[in-house]
Chemist: 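Have a look at this one before I ask anything.
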Amino acid sequence: MAENNENLSSTERIKMASDALRGTFVESLANEITGNLYEDDHALVRFHGMYVQDDRDRREERAAKKLERLYSFMIRLRLTGGVITPEQYITLHNIAGENSTGVLKITTRQTIQLHGVLKSKVKPTLKAFNEAGLTTLATCGDVNRNVLCSSHPKQSPLHAEIYDYAREIAARMLPKTNAYYEIWLDGEKLIDKELEADPLYQNRYMPRKFKVGIVIPPNNDIDVLGNDLGLIAIIENNELKGFNIAIGGGMSATHGNPDHYARLASVLGFVSGKEKTVKAVYEVATIQRDYGNRSDRKVARLKYTLDRLGMEFWKEELQRRCGFEIEAPKPFQFESRQDFYGWEQNHEGLWYYTLYVENGRILDDEKLLLKTALLEVAKTGKANFTFTCNQNLVLGDIQPADKAAIQKILEDYGIIQHTTNVSALRKNAMACVALNTCPLALGEAQRYMPVLLDKIEPMLLKYDLAKEEIVTRMTGCPNGCSRPYAAEIGFVGTALGKYNLFIGGDRNGERLNKLYKESLDENGLLTELDYLFATYKAERNEKETFGDFAHRKWLNSVPLIRTASSFSEINLPKA
Ligand code: SRM
Ligand code: SF4
């Protein structure tokens with residue numbers, strides 16, 4: 001049954017009245033009295049890859065001076081599989097320096113965000129990106145977002161073939177509007193509006209954001225089960241057989257409301273061949289478009305449509321729309337979820353260096369000139385850049401003859417030492433942006449996580465656990481942008497300085513964690529963690545990960561505040 005959508009949310013009305021996402025941007029941009037946009041354009045600007053934000057650290061000071069908030073734009077690039085050329089990276093570096101805070105932020109979905117771009121600088125920024133072959137279209141909003149693809153080519157000779165699927169899906173699901181070109185690039189106005197008729201998005205787009213990722217087992221580096229739709233590559237004897245399709249993943253929850261929950265995707269079936277795979281992805285989206293909730297955005301993601309209608313309905317409807325059978329899922333196995341730091345060589349003899357970037361923030365500070373070093377690497381023109389879903393960077397496709405030159409730059413700037421020396425805990429940690437730019441943040445994340453890790457590291461040393469690769473993630477609110485519910489330890493902000501503590505996710509991203517203690521301050525967190533690690537050290541089985549131990553030891557007896565656990569028992573066939 002399609003949802004009763006008579007009571008459309010205000011966003012639905014804005015989308016439908018937007019003239020293919022044109023809104024009132026021309027007027028909004030011309031208004032020099034404010035750094036803000038008109039209200040309805042806030043929802044629409046997201047489809048163009050931007051958010052209007054303000055500096056939350058400066059709200060009080062500005063209010064005291066009776067000034068409007070310090071508005072600026074966050075701009076998010078579309079980088080399928082996280083890949084850009086060195087030339088594009090140089091553009092990015094320069095634009096970041098000229099028009100934004102200067103920090104290049106690698107996101108948990110393999111792309112780059114710039115913050116602090118003033119309204120007057122938005123068009124120059126997008127024009128410069130466009131000249132470099134980069135776009136921000138559809139990286140936010142109710143559309144298919146940046147398509148993820150496993151980052152480490154050494155994993156499989158089939159990486160290039162699989163990456164090509166990601167590009168095809170991204171292209172097929174891009175909105176057909178000409179508005180981006182007209183508004184931001186001063187392109188000619190489209191006269192024949194039929195040319196932008198959009199069979200996928202029509203005039204209402206998706207009910208909510210839609211996320212797709214492709215993973216190459218055994219490494220689940222993209223957290224494939226956190227997506228609305230995940231494709232799991234099935235490879236036999238070095239041949240790509242096809243993909244298991246998993247649907248219904250999503251990491252957002254609401255504190256204290258069991259009706260909003262994190263969920264890992266469930267496997268629907270198997271499909272093979274490029275045409276059929278892309279068709280199946282497209283039709284999953286059309287089902288969600290037609291059946292997703294358009295009244296209440298809190299329950300509009302595919303995961304809720306799936307739980308409302310059931311997997312049987314989804315499979316039958318998908319087969320009907322595709323016109324071919326979706327086969328039973330094939331076995332597969334995840335063995336890790338991490339980035340492979342350091343040098344790796346692929347089957348063609350090309351070299352890759354994966355370097356650690358704390359919370360994905362590329363900048364120069366008193367400890368490390370990371371931004372300068374990466375510019376030097378880009379200037380050689382000898383390495384492509386791939387951003388990972390763990391917020392790190394792979395410098396890749398390096399010819400054997402060029403490896404020494406790249407190595408020298410990385411050594412001269414201390415990048416190799418930095419990556420090698422960082423603790424196992426930190427290498428497997430992530431935090432979302434949160435304050436000072438995220439309007440939804442209840443507390444700190446990327447600015448506080450390093451400070452907290454400084455205090456957890458000695459504790460792990462004390463229990464001789466420093467080499468454990470425990471997956472730890474923090475967010476400033478329950479929306480789950482660093483996927484904290486799929487971590488072995490998750491810190492989810494409830495207020496300034498307070499976090500809910502989640503434990504018991506597995507190492508590979510196949511089991512959600514559960515709420516263990518609520519609203520702890522730093523002392524509370526450290527006291528609890530000390531107890532948890534001491535018990536883990538004393539009672540763990542051989543090679544048992546922290547997450548598995550926590551799940552076995554504590555979680556059956558912990559009263560559940562969030563009910564997502566019932567969805568974490570996913571139906572995955574094992575190899
Ligand atoms: Fe996110 C909203 C940052 C990945 C779930 N996310 C936001 C906004 C745009 C706040 C807002 O709506 O105004 C944040 C901007 C902060 C800032 O100042 O930059 C924001 N999300 C991020 C990033 C930058 C976090 C990071 O530090 O890397 C990630 C950008 C990804 C990208 O490149 O596209 C980011 N967000 C995610 C993920 C992880 C993922 O996709 O694997 C999730 C959980 C998975 C999921 O979608 O379920 C995620 N973000 C959300 C949600 C909750 C959605 C929901 O279903 O309810 C929101 C709030 C919303 O959409 O209403 C949100
Ligand atoms: Fe903002 Fe919350 Fe996402 Fe963090 S998890 S970036 S605080 S919306």
Side-chain angles (χ1 to χ4, degrees), residues 11 42-43 45-46 49-56 72-80 82 100-101 103 105-116 136 138-148 207-213 222-228 230 248-255 257 260-265 292-293 296-304 357 359-361 387-391 430-449 473-486 490-494 509:
T11 309
H42 279 219
V45 79
R46 299 177 177 200
M50 290 166 274
Y51 288 78
V52 182
Q53 304 183 318
D54 74 288
D55 184 344
R56 293 182 58 181
S72 66
F73 290 67
M74 175 269 271
I75 300 188
R76 188 182 282 167
L77 277 176
R78 164 171 286 269
L79 297 179
T80 304
S100 81
T101 60
V103 178
K105 161 77 184 181
I106 306 171
T107 75
T108 54
R109 290 191 72 78
Q110 266 185 319
T111 188
I112 289 285
Q113 283 184 184
L114 302 183
H115 290 93
T136 66
T139 49
C140 320
D142 298 343
V143 282
N144 181 42
R145 303 290 190 89
N146 202 39
V147 177
L148 310 181
R208 203 67 163 86
K209 57 183 79 171
F210 189 78
K211 297 184 172 178
V212 177
I222 69 159
D223 254 324
V224 69
L225 302 175
N227 287 272
D228 294 274
M251 283 291 125
S252 171
T254 301
H255 289 312
N257 184 348
H260 302 159
Y261 47 83
R263 188 192 194 286
L264 292 174
N293 188 315
D296 181 357
R297 290 179 64 77
K298 272 287 181 193
V299 290
R301 293 291 292 275
L302 193 157
K303 60 184 174 180
Y304 300 110
V357 184
N359 299 320
R361 305 185 75 213
F387 304 110
T388 79
C389 292
N390 290 313
Q391 298 174 321
M430 287 204 293
C432 72
V433 178
L435 294 170
N436 61 328
T437 51
C438 178
L440 308 178
L442 305 171
E444 298 279 356
Q446 71 181 15
R447 298 197 294 198
Y448 174 56
M449 185 68 153
R473 295 171 177 179
M474 175 180 282
T475 54
C477 88
N479 279 317
C481 296
S482 65
R483 302 182 287 272
Y485 310 113
F491 306 105
V492 178
T494 56

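First listed ligand is number 1; within each ligand, the first listed atom is number 1.
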Chemist: If you take all heavy atoms of Tyr304 and Ser252, which pair is closest and at what distance?
Modeler: OH-O, 4.3 Å
Chemist: Just so I know, are the side chains of Val433 and His115 near enough to count as touching, which here means a heavy-atom distance under 4.5 Å?
Modeler: yes
Chemist: Would you mind reporting whether Val299 and His260 have side-chain heavy atoms less than 4.5 Å apart?
Modeler: yes
Chemist: Where is the nearest protein heavy atom to atom 13 (O) of ligand 1: which residue, which atom, and how far?
Modeler: Pro439 CG, 3.3 Å
Chemist: Show the atoms of ligand 1 that are less than 4.0 angstrom away from any heavy atom in Arg301.
Modeler: 46 (C), 47 (O), 48 (O), 54 (C), 55 (C), 56 (O)
Chemist: With a 4.0 Å cut-off on N to O distance, would you call Arg297 and Asp142 a salt bridge?
Modeler: yes
Chemist: Please write down residue, atom name and distance for the protein heavy atom closest to atom 55 (C) of ligand 1.
Modeler: Ser252 CB, 3.3 Å
Chemist: Report yes if Ala434 has an N/O atom closer than 3.5 Å to an N/O atom of ligand 1; otherwise report no.
Modeler: no
Chemist: Just by modelled atom types, is the Lys298 backbone N or O under 3.5 Å from a matching donor or acceptor in the Asp296 side chain?
Modeler: yes
Chemist: Tell me if a side-chain donor or acceptor on Thr108 pairs with a main-chain N or O of Ser482 at a distance below 3.5 Å.
Modeler: no
Chemist: When you compare the side chain of Met50 with that of Ile75, does any pair of heavy atoms fall below 4.5 Å?
Modeler: yes
Chemist: Thr107 versus ligand 1: do any nitrogen or oxygen atoms come within less than 3.5 Å of each other?
Modeler: yes
Chemist: Any salt bridge (charged side-chain N to carboxylate O under 4.0 Å, His left out) pairs touching residues 433-445, not counting sequence neighbours?
Modeler: Glu444-Arg447
Chemist: Checking a contact table here: which protein heavy atom is nearest atom 60 (C) of ligand 1, and how many Å away?
Modeler: Arg208 NH2, 3.4 Å
Chemist: Assess, by modelled atom type and distance only, whether the side chains of Arg109 and Asn227 contain a donor and an acceptor separated by less than 3.5 Å.
Modeler: yes
Chemist: Does an N or O anywhere in Thr139 fall below 3.5 Å from an N or O of ligand 1?
Modeler: no
Chemist: Counting N and O atoms only, with roles assigned by atom type, does the side chain of Tyr485 sit under 3.5 Å from a partner on the main chain of Pro478, one being a donor and the other an acceptor?
Modeler: yes
Chemist: Counting N and O atoms only, with roles assigned by atom type, does the side chain of Lys209 sit under 3.5 Å from a partner on the main chain of Arg301, one being a donor and the other an acceptor?
Modeler: no
Chemist: Under 3.5 Å, side chain of Asp228 to main-chain N/O of Lys211, donor-acceptor pair present?
Modeler: yes
Chemist: Of the backbone atoms (N, CA, C, O) and the side-chain heavy atoms from C-beta on, which set of Arg297 has a member under 4.0 Å from an atom of ligand 1: side chain, backbone, both, or neither?
Modeler: neither
Chemist: Output the distance between atom OG1 (Thr139) and atom CG (Asn144), rounded to the nearest 0.5 Å.
Modeler: 11.5 Å
Chemist: Does ligand 1 have any atom sitting under 4.0 Å from a heavy atom of Leu440?
Modeler: yes
Chemist: Counting only nitrogen or oxygen atoms and a 3.5 angstrom limit, does Val433 reach ligand 1?
Modeler: yes
Chemist: With a 4.0 Å heavy-atom cut-off (strictly under), which part of Arg145 contacts ligand 1: side chain, backbone, both or neither?
Modeler: neither
Chemist: Polar-atom distance check: Arg109 versus ligand 1, any N or O pair below 3.5 Å?
Modeler: yes
Chemist: Can you name the nearest heavy-atom pair linking Cys481 to Thr475, along with the distance?
Modeler: N-CG2, 3.7 Å
Chemist: Considering atom 3 (Fe) of ligand 2, could you give the total of protein N/O/S atoms lying closer than 2.8 Å?
Modeler: 1
Chemist: Is Asn146 near ligand 1, meaning one of its heavy atoms is under 4.0 Å from it?
Modeler: no
Chemist: Could you name the option among Met50, Lys209, Lys298, Met74 that has the heavy atom nearest to atom 63 (C) of ligand 1?
Modeler: Lys209
Chemist: What residues, two or more places apart in sequence or in another chain, satisfy side chain to side chain donor-acceptor pair (under 3.5 Å) together with Gln110?
Modeler: Ser151
Chemist: Can you check the number of protein N/O/S atoms within less than 2.8 Å of atom 1 (Fe) of ligand 1?
Modeler: 1
Chemist: Please work out, at 4.0 Å between heavy atoms, whether the side chain, the backbone, both, or neither of His260 comes within that distance of ligand 1.
Modeler: neither
Chemist: Looking at atom 8 (C) of ligand 1, is any protein heavy atom nearer than 4.0 Å to it?
Modeler: no
Chemist: With respect to Lys303, determine whether any N or O atom, backbone or side chain, lies less than 3.5 Å from an N or O atom of ligand 1.
Modeler: no
Chemist: Would you confirm whether Arg473, through its side chain, and Arg483, through its main-chain N or O, come within 3.5 Å as a donor-acceptor pair?
Modeler: yes
Chemist: One residue to check: Cys438. Relative to ligand 1, which of side chain, backbone, both or neither has a non-hydrogen atom less than 4.0 Å away?
Modeler: both
Chemist: Quick one: does ligand 1 sit under 4.0 Å from the side chain of His115, the backbone, both or neither, non-hydrogen atoms only?
Modeler: side chain
Chemist: For atom 18 (O) of ligand 1, what is the nearest protein heavy atom, given as residue, atom name and distance?
Modeler: Thr437 OG1, 2.6 Å
Chemist: To check your reading of the model: name the closest protein heavy atom to atom 24 (C) of ligand 1, its residue, and the distance in Å.
Modeler: Gln113 OE1, 3.0 Å
Chemist: Given 3.5 Å as the limit, does a donor-acceptor pair link the side chain of Ser100 with the main chain of Leu114, or not?
Modeler: no
Chemist: Is a donor on one side and an acceptor on the other found under 3.5 Å between the side chain of His255 and the backbone of Gly493?
Modeler: yes
Chemist: Tell me which part of Gln53 gets within contact of ligand 1: side chain, backbone, both or neither, using heavy atoms under 4.0 Å.
Modeler: side chain
Chemist: Where the closest heavy atom to atom 43 (C) of ligand 1 is concerned, which of Met251, Lys211, Gln446, Arg483 has it?
Modeler: Lys211
Chemist: Please round to the nearest 0.5 Å and tell me the distance separating atom CG of Asp223 and atom CE of Met251.
Modeler: 6.5 Å
Chemist: Tell me which one of Arg263, Arg76, Met430 gets a heavy atom nearest to atom 30 (C) of ligand 1.
Modeler: Arg76
Chemist: Please answer whether the main-chain N or O of Asp55 pairs with a side-chain N or O of Asn436 as donor and acceptor at a distance below 3.5 Å.
Modeler: no
